[in-house]
Each structure stands twice: as structure tokens, then as C-alpha cells.
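What follows is a set of notes on a single structure, which appears directly below.
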Amino acid sequence: MKLKLVEKKEEAKGTKSFFWESEKPVNYLAGQYFYFTLPSLKYPDPRGATRHFTLSSSPTDGNILRNTTRIRPNSGYKKTLDELDIGTLIDGEGPNGEFILDENEKGPHVFLAGGIGITPFRSMIKYAVDKNLDTAIHLIYSNSVPEEITFREELLLWSKSWPKLKLDMTITKPEESQEKWSGLVGRIDENLIRKLVADISQPIFWVCGPPAMVSAMEQTLGKLNISSGKVRSEKFTGY
């Protein structure tokens with residue numbers, strides 16, 4: 001299907017959202033992904049003109065699809081995407097993926113996100129907020145510096161206005177930040193999870209981020225004796 005670029009938005013340091021108007025209604029579930037094929041590349045990229053991105057939009061957003069990504073200077077695809085003119089038409093294909101929130105599954109759910117791995121969780125949280133679902137969600141979100149916290153203002157707003165959402169953000173390299181950070185520091189690890197999650201035997205744990213982070217989280221949850229049936233993970237490769 002054809003998608004028309006209608007808006008770009010800077011979400012955090014090095015991270016942008018792209019808003020696409022679809023030519024026909026799209027039925028998708030919060031957490032699913034789409035393939036985005038650019039008409040041509042302005043810069044060479046060995047991986048070609050197609051990428052898949054988890055939609056950061058919610059199914060409640062109508063026919064506007066949103067993808068959010070880190071703009072990597074060494075990616076010809078990302079540089080081309082960043083320079084597209086408003087009104088550009090591209091090809092979209094989807095939805096795909098099974099990393100999805102079942103609204104009948106009340107939880108509690110603990111979302112463990114690293115960096116741009118926040119995108120499916122933003123979709124899920126926005127959907128839960130818009131539908132006012134009876135679904136308890138605890139988001140634990142890790143970034144290197146505060147400037148890279150994607151959807152920061154939205155997440156803070158939802159955590160204050162929607163009582164089902166609990167939010168904890170941690171920074172791993174506060175010394176590299178221009179902003180003074182007074183919140184949690186350090187990676188998401190066994191100690192942090194025990195500190196923040198009162199009863200670790202109850203929740204379903206969701207993990208999304210770079211492959212190394214996801215693998216580390218899976219090992220950590222294993223050490224906490226969380227059964228594999230209560231762990232759902234998705235690795236973001238090559239973003």
C-alpha cells in the first residue's frame with residue numbers, strides 16, 4: 001500500500017518519528033511492525049531500500065502510522081529517510097509480528113526497554129491509555145543519557161494521568177550528559193528489578209532493545225527464576 005509522509009518530529013537526541021497517512025485503513029495490533037520501502041536511496045546502503053520498523057503509533061490513531069528510529073549517519077537508508085520531503089509516497093507492507101499486547105490479559109505487565117526498544121511499548125501504552133484498559137503496566141526504561149529518552153514527556157504525562165501505568169527510568173552514563181540527572185542510574189539488572197518490582201513472581205515480563213541488552217535481560221530473568229512462559233522478548237537488530 002502507499003504511505004504518504006505527512007510529518008516529521010524529533011523525539012530525542014538522534015531519534016525521529018515519521019508520520020504516514022495510509023491510502024486505506026490499516027488494522028494492526030499494538031506492538032506489530034511494518035515494512036517501509038523508499039522509492040530510491042540518495043546514499044548507498046548495502047541493505048537496500050527496505051526496512052522493517054515497529055509502529056510506535058497506536059491502533060487508536062486512525063489511518064496515521066508512525067515509525068520512530070535512531071538516525072544513523074552510516075546508514076544510507078536512514079539518511080535518505082531523514083531527508084524525505086513532506087508529501088513523499090513510499091510503499092508499506094504489513095502488519096507483521098507477534099510481540100503484541102492482548103487487551104484481555106490483565107497482567108501485571110513489566111516492560112523492560114532499552115533505547116529505541118521503547119517503540120512497541122509506546123504503542124501498547126498509548127493503546128491502553130486511549131482504551132482505558134484494566135491492564136497494569138510497569139515500564140522500566142534504560143538509556144545512556146537523559147537526552148536520548150524517547151517519548152519522555154508523553155511517558156511522564158501518562159504515568160501521572162493514567163493510574164495503571166508506573167514509570168521508572170534509569171541512565172547508564174550520567175557523566176556524559178549535559179543535563180543534570182537525579183533519577184536512577186545503572187543498567188537494568190537483577191538488583192534493580194528486585195528493587196522496583198515488589199513481587200517478581202506475578203508479572204509477565206516483556207523485553208525489547210538491542211540484541212545484547214535483550215540477551216542479558218533474558219539471562220537476568222532466568223536468574224530470578226522467572227519461567228520462560230512469562231517472558232516475551234524482541235531484539236531490534238540493525239536499527
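Values in this document were obtained by computation on a predicted structure and should not be read as measured data. Throughout, numbering of the chain's residues begins at 1 and tracks the sequence.
A donor-acceptor distance shorter than 3.5 angstrom exists from the side chain of Gln32 to the backbone of Gly97, with no hydrogens or angles considered. Under the 3.5 Å distance criterion, the side-chain polar atoms of Thr220 are left unmatched by any main-chain donor or acceptor of Asp189. Of the possible polar contacts, one joining the Thr170 side chain to the Gly186 backbone as a donor-acceptor pair under 3.5 Å is found. Here the side chain of Arg232 pairs no donor or acceptor atom with the backbone of Gly229 at under 3.5 angstrom. For the pair Ser22 (side chain) and Asn63 (backbone), a donor-acceptor distance under 3.5 Å is present. Side-chain atoms of Tyr141 come within 3.5 Å of backbone atoms of Thr150 as a donor-acceptor pair (strictly under, hydrogens ignored). No donor-acceptor pair under 3.5 Å is formed between the side chain of Ser123 and the backbone N or O of Ala30. Of the possible polar contacts, one joining the Lys230 side chain to the Gln202 backbone as a donor-acceptor pair under 3.5 Å is found.
Here the straight-line distance linking atom CG of Leu55 with atom CG of Asn96 works out to 9.5 Å at 0.5 Å rounding. Distance CD/Glu234 to SG/Cys208: 5.5 Å, rounded to 0.5 Å. Note that CG of Leu133 is 12.0 Å distant from CD of Glu105, once rounded to the nearest 0.5 Å. Rounding to the nearest 0.5 angstrom, the gap separating the CG atom in Leu89 from the CG atom in Leu3 is 8.5 Å. A distance of 13.0 Å separates OH of Tyr33 from OG1 of Thr119, quoted to the nearest 0.5 Å. If you take CG on Leu5 and CG on Leu38, they are separated by 10.0 Å, rounding to the nearest 0.5 Å.
Counting non-hydrogen atoms of neighbouring residues, nucleotides and ligands closer than 6.0 angstrom, the CD atom of Gln178 reaches no more than 12 such neighbours. Heavy-atom neighbours of Lys13 NZ from other residues, nucleotides or ligands within 6.0 Å: at or below the threshold of 12. Environment of CG in Asp199: crowded, with over 12 heavy atoms of neighbouring residues, nucleotides or ligands closer than 6.0 Å. Within a 6.0 Å sphere centred on CD of Glu98, other residues, nucleotides and ligands contribute 12 heavy atoms or fewer. Lys195 NZ: 12 or fewer foreign heavy atoms inside a 6.0 Å radius. Summarising the local packing, NZ of Lys4 is surrounded by 12 or fewer heavy atoms from other residues, nucleotides or ligands at distances under 6.0 Å.
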As a quick check of understanding, evaluate side chain to side chain contact (heavy atoms under 4.5 Å, CB included) for Met1 and Val26, giving each step before the final call. CA-CA 10 Å; Met1 76 182 70; Val26 179; 3.6 Å; yes
Chi angles and distances behind the side chain to side chain contact (heavy atoms under 4.5 Å, CB included) call for Trp206, Phe99: CA-CA 9 Å; Trp206 302 67; Phe99 191 73; 3.7 Å; yes
The test is side chain to side chain contact (heavy atoms under 4.5 Å, CB included); show your working for Ser56 and Glu11 and say whether it passes. CA-CA 12 Å; Ser56 55; Glu11 301 287 3; over 6 Å; no
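Within the hydrophobic cluster formed by Ile, Leu, Val, Met, Phe, Trp and Tyr side chains joined at under 4.5 Å, directly or through other members, Val207 is accompanied by Val110, Leu112, Ile140, Leu184, Ile188, Leu192, Ile193, Leu196, Val197, Ile200, Phe205, Met213, Val214, Met217, Leu221, Leu224, Ile226, Val231.
Closest non-hydrogen pair, Asp45 versus Gly76, comes out as OD2-N, 3.2 Å. Tyr28 approaches Ile64 most closely through the heavy-atom pair OH-O, 4.5 Å. Counting all heavy atoms, side chain and backbone alike, Lys164 lies closest to Asp134 at NZ-OD1, 2.8 Å. Across all their heavy atoms, Pro174 and Val185 have their closest contact at CG-CG1, 3.9 Å. Taking all atoms of both residues into account, the shortest heavy-atom contact from Leu139 to Ala113 is CD1-CB, 4.2 Å. The heavy-atom pair separating Lys235 from Ser215 by the smallest distance is NZ-OG, 3.2 Å.
Partners of Lys126 under the side-chain contact (heavy atoms from CB on, under 4.5 Å) rule, at least two apart in sequence or in another chain, are Ser58, Thr60, Asp61, Arg122, Asp130, Trp158. Qualifying side-chain contact (heavy atoms from CB on, under 4.5 Å) partners for Lys79, counting only residues two or more places apart in sequence or in other chains: Tyr43. Phe18 meets the ring pair (Phe, Tyr, Trp, His ring centres under 6.0 Å) test with no other residue; sequence neighbours excluded. Not counting sequence neighbours, Asp168 has no partner by the salt bridge (Lys or Arg N to Asp or Glu O under 4.0 Å) test. Glu179 meets the side-chain contact (heavy atoms from CB on, under 4.5 Å) test with Pro146, Glu147, Arg152, Ser177, Trp181; sequence neighbours excluded.
No continuous path of hydrophobic side-chain contacts links Leu29 to Leu101 [ILVMFWY only; heavy atoms under 4.5 Å]. In the hydrophobic cluster analysis, where Ile, Leu, Val, Met, Phe, Trp and Tyr join through side-chain heavy atoms closer than 4.5 angstrom, Tyr35 is grouped apart from Trp20. Under a hydrophobic clustering in which Ile, Leu, Val, Met, Phe, Trp and Tyr are joined whenever their side-chain heavy atoms come within less than 4.5 Å, directly or via other members, Phe151 and Trp162 fall into the same cluster. Linking Ile, Leu, Val, Met, Phe, Trp and Tyr whenever their side-chain heavy atoms come within less than 4.5 Å puts Met124 and Ile149 in one cluster. By the criterion of side-chain heavy atoms lying less than 4.5 angstrom apart, applied directly or through intervening Ile, Leu, Val, Met, Phe, Trp or Tyr residues, Tyr127 is not grouped with Val129; the two fall into different hydrophobic clusters.
Using cut-offs of 30° and 60° on the angle between ring planes, the pair Phe111 and His109 is tilted. Under the 30°/60° scheme for interplanar angles, the aromatic rings of Tyr77 and Phe53 are found to be tilted.
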